[in-house]
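In what follows, a structure is listed as structure tokens, so that the remarks can point back to it.
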Amino acid sequence: MLSRVAENVYWMARYLERAEDTARLLSVNSHLLLDLPRATKLGWSEIIAITGNDELFDEFYPTRDEASVLSFMCGDRRYPGSILSSLAAARENLRTTRDVIPREIWEEVNQLYLSVKEQVGSGITPRRRDAFLGRVIRSCQTVNGLIEGTLSYTPVRSFLIVGRQLERADMTTRIIDVRSANLLPRSAEDLKPFETLQWMSVLKSLTGYQMYRQHVRLRIRGPDVLSFLLQDRLFPRSVACCMDRLAEALQGLPRHELALKEVETCRQDLSKPDVTLLAAEPDQLHAFVDEIQIDFDDLHAAISQTYFAQQELNQSQSQSGS
């Protein structure tokens, strides 16, 4: 399998998952806006901070109000992580690998991109926000269903799973980070009764509420939710489960030793924290999420070095020869 094809499939899966999970990230705020008292001063600024693109946002938008954040996160082509940018990148990577991907998958991704482009062009207003985000999530899930039912068990599927699971794990930690990023004022004692709603919104944004109630069988508490989303081996969007599925896919590929070593490092780091302490201390939770995301960066680097570096070498040699 050509390294170019492998890399394009890997990134197609990452961008598609990124579009879906960006919609989920925005849904965390949306759910809280609906559930919490109107007197609560709930802002959208933390959403930008979590993406790590403060400077880029501030360059183009004077204020971090709801309309500006939605515009930036949903349809701003100047931001590579926006939903529209992610779908455009997924579509382009898929277009160049259409000979190894079933036609039905291409048609669904192309239709999703065109639909989102049209909706963004007409404006994502607060009234249309939830319907738009829900459509993106459901359509991305449709694509994943087509992949599951039509794509043969070849290295193409392996690279696709690797990309999807790494991006999903990364975005799950970012959604968890919404809770640690001062989404609600830490000093507001009168908001403590609503803490359960915060954790419930995180679960719902990951479609994990029912599975949490089924597996954990306890009322919703911060430590239990964190343990479920970080360490549960059965819930598909937990970080631990993502690492398990990613490792399985890697084992079907040659020269997987370096990448599997990084997966094991991440697994060990996931098992270390005291989730009770993390749930009670937003600063420590934020620091822990940063550490796990560094593990993800190292894992991506190992995957890229092992499977995609040859393409970069060929491109470099071609450029130097010209």
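- Residues Met171 and Phe72 do not share a hydrophobic cluster, clusters being chains of Ile/Leu/Val/Met/Phe/Trp/Tyr side chains in contact below 4.5 Å.
- Legend: salt bridge (Lys or Arg N to Asp or Glu O under 4.0 Å) pairs involving residues 73-84, not counting sequence neighbours, sorted by first then second residue: Asp76-Arg78.
- In terms of heavy-atom proximity, Leu84 sits nearest to Tyr113 at CD1-CE1, 3.8 Å.
- Each of Arg237, Gln141, Arg24 was evaluated against Thr207; a single residue qualifies, Arg24, per the side-chain hydrogen bond (donor to acceptor under 3.5 Å, both in side chains) test.
- Of the possible donor and acceptor atoms, one in the side chain of Thr22 sits under 3.5 Å from a partner among the backbone N and O of Arg18.
- Proximity of the aromatic rings of Phe235 and Tyr212 is defined here by a centroid distance below 6.0 angstrom, and this criterion is not met.
- By the rule that hydrophobic residues join a cluster once side-chain heavy atoms approach within less than 4.5 Å of another member, Ile147 and Leu166 end up as members of one cluster.
- Grouping the Ile, Leu, Val, Met, Phe, Trp and Tyr side chains by contacts below 4.5 angstrom, directly or via other members, places Ile101 with Leu114.
- Distance alone, capped at 3.5 Å, places no donor-acceptor pair between the Ser238 side chain and the Leu234 backbone.
- Placement of Leu229 and Ile137 in two distinct hydrophobic clusters is found when ILVMFWY residues are connected by side-chain heavy-atom separations under 4.5 Å, directly or transitively.
- Applying the side chain to side chain contact (heavy atoms under 4.5 Å, CB included) criterion to Glu248, with sequence neighbours excluded, gives Arg245.
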task: Could you please spell out the steps behind the side-chain hydrogen bond (donor to acceptor under 3.5 Å, both in side chains) verdict for His300 and Tyr10?
output: CA-CA 10 Å; His300 165 71; Tyr10 169 85; 2.8 Å; yes
